[in-house]
Amino acid sequence: MDTVDVKPIIVDGLPFDPLRQYQCKVCSAHATGFHFDAQSCSACAAFFRRTVALGKVFRCQNGDNKCEIVYTERNLCRKCRFDKCLLIGMKKESVRPKKTVNAVRAYCTTSGLKRNKRFATVSVINMAPSIKSPLSAPSSQSTSEPVSESEECQSVQPIVAPSSSTSPTRSVVEYAPMSHAFYRPAPSTLKLLIEEEMRISERRRILFCERPVGSLLGASNSCPFMQADIKPLCFRSFRKSIRTHILLIYEWLRAWPEYSMLGNNDQIALLRKCVLYHTVLDPCFITMQLGDMSKFVMPNGGYVSTREDCDDGWQDEKEISRESKKMIYWPLLDGLMSTIVQPMIDMAITFEEFVALKALVSFQGTMCDISDDGRPIMKHTLDAICRSLHEIVPDGDKKAMRFGNIVLLLSPVFDTALNFVESHHKVHFFDLWHLDSLLLQFLKNKV
DNA sequence: CCTCAAGGTCAAT
DNA sequence: ATTGACCTTGAGG
């Protein structure tokens with residue numbers, strides 16, 4: 001990581017200013033290369049890696065998210081340093097999931113084996129060219145070179161290779177490539193969830209941000225908004241955007257292969273509950289990601305102030321008065337902040353944990369509305385989600401507690417959703433303001 | 001062989 | 001608890 005060997009760039013026949021050329025784009029210290037897709041020093045790279053891996057959320061020391069990040073003062077504001085990392089193009093996805101605590105290096109890839117023969121627990125054999133870096137399992141039948149018995153090493157879990165790819169005379173077990181065998185396996189459920197959530201963020205950016213197109217495209221950031229994107233909520237425009245949110249939720253559901261296997265009524269039940277639960281959960285996580293607890297940020301980038309002394313987002317509108325807004329939504333907001341947002345911050349819930357929680361809430365909360373035919377499908381999905389969540393919670397003494405704390409968030413989400421429905425029944429009954437008709441249909445049904 | 005860019009470790013803070 | 005120098009590793013040339 002610290003080796004410096006950057007080929008000089010010739011600009012117009014002259015070497016580019018070398019001092020500036022090798023600067024870290026975050027703090028202007030000496031860059032050690034490209035880290036997570038951006039030119040930076042090793043310190044900023046390590047900082048970025050830790051921040052992403054641990055799912056940290058920071059607050060700006062000055063409160064304005066405008067701190068200058070320079071070499072001598074780069075540790076003064078972690079929020080602005082991290083924002084700068086993202087700004088210069090560091091990619092969160094390039095940070096790989098944290099390894100399990102008990103995992104021991106397996107030295108099981110081709111180059112690892114070549115360089116570390118004495119630690120090798122498996123050996124290289126020739127496989128069909130279609131399989132990259134294939135490795136054989138240590139086996140009594142194996143004719144390959146002997147392997148070390150070092151106690152430091154644990155063999156990796158084998159996966160059965162397609163028999164057609166190997167000699168028919170030898171039963172061969174293929175070891176998954178390093179990224180799967182050694183790093184925590186990324187279950188397809190979790191992968192799907194993360195990809196889908198990133199897509200939702202990208203769609204929200206495109207729909208609701210006023211930015212140059214270049215920074216809208218590319219699902220590289222799990223948070224749809226930056227501080228500069230958000231503005232005080234206008235209830236009227238939020239109401240106009242409700243169908244867009246419902247559409248995004250519908251797309252999220254359709255990404256599940258299991259969704260198409262459900263009957264029509266079950267599909268509608270699931271969509272109805274997802275509209276409700278996502279409406280509760282999504283703004284909580286966006287709020288946490290933006291890190292300013294005085295602003296509760298909705299999925300269209302509008303925010304309401306959570307401080308009694310600030311009226312942002314609460315002002316009178318033609319269609320709904322300040323008084324009505326406060327009466328209906330302040331208690332809901334208060335509940336959300338204390339029972340969902342604050343616990344999320346306290347445990348520093350990661351993006352991966354959040355997407356698993358959201359799926360858990362969606363499927364668990366709908367179970368009671370699903371037909372007998374649909375139940376096994378739902379149960380199967382729920383099991384997969386639980387496994388994924390359990391996988392991504394970091395190993396250690398507190399794994400069980402952390403897993404438990406995440407699951408405990410289900411209850412306040414269900415509670416708030418129930419309050420949300422009750423409040424909107426009142427809104428509708430007393431004609432306090434006109435809700436979107438599609439949303440009303442979802443809310444009218446029993447919850 | 002080499003380089004690059006990941007992750008891990010641990011003394012210093 | 002966080003930082004950052006230093007280390008090892010895997011992939012690819």
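Throughout, protein chains are lettered first and strands after them, A, B, ... in sequence-line order, and every chain is numbered starting at 1. Note that the structure is predicted; figures quoted are calculated from it, not measured.
The distance from atom CG of A:Asp37 to atom C1' of B:dA5 is 10 Å, rounded to the nearest whole Å. What separates CZ of A:Phe47 from C1' of B:dA6 is a distance of 18 Å, to the nearest Å. Atom C1' of nucleotide B:dG7 and atom CE of A:Met90 are separated by 15 Å, given to the nearest angstrom. With rounding to whole Å, A:Phe34 atom CZ is found 18 Å from B:dT3 atom P. For the pair A:Phe36 CZ and B:dG7 P, the computed distance is 5 Å after rounding to whole Å. Going from atom NE2 of A:His35 over to atom P of B:dT3 covers 16 Å, rounded to whole Å. Residue A:Phe58 contributes atom CZ, which lies 15 Å from atom P of C:dA1 at whole-angstrom precision. For the pair A:Phe48 CZ and C:dT2 C1', the interatomic distance rounds to 17 Å; values are reported in whole Å.
Residue A:Asn75 places at least one side-chain N or O under 4.0 Å from the OP1 or OP2 atom of C:dG4. Phosphate contact (OP1/OP2 of C:dA1, side-chain N/O of A:Lys56, threshold under 4.0 Å): absent. For C:dG4, neither phosphate oxygen OP1 nor OP2 lies less than 4.0 angstrom from any side-chain nitrogen or oxygen of A:Ser42.
A donor and an acceptor atom, one from each side chain of A:Asn75 and A:Arg81, are located under 3.5 Å apart. Under the 3.5 Å distance criterion, with hydrogens and angles disregarded, no donor-acceptor pair is assigned to the side chains of A:Thr279 and A:His245.
Looking at A:Cys85 and A:Phe36, their side chains never come closer than 4.5 Å, going by heavy atoms from C-beta outward. The side-chain heavy atoms of A:Glu73 and A:Val70, taken from C-beta on, include a pair separated by under 4.5 Å. Two residues are said to be in side-chain contact when any heavy atoms from C-beta on lie closer than 4.5 Å; A:Val52 and A:Thr350 fail this criterion.
One can find a donor-acceptor pair under 3.5 Å joining the base of B:dG8 and the side-chain atoms of A:Arg49. Side-chain N/O atoms of A:Arg50 and base N/O atoms of C:dG4 include a donor-acceptor pair closer than 3.5 Å.
Across B:dA6, C:dG4, C:dT2, the shortest atom-to-atom separation from the side chain of A:Arg78 is found for C:dT2.
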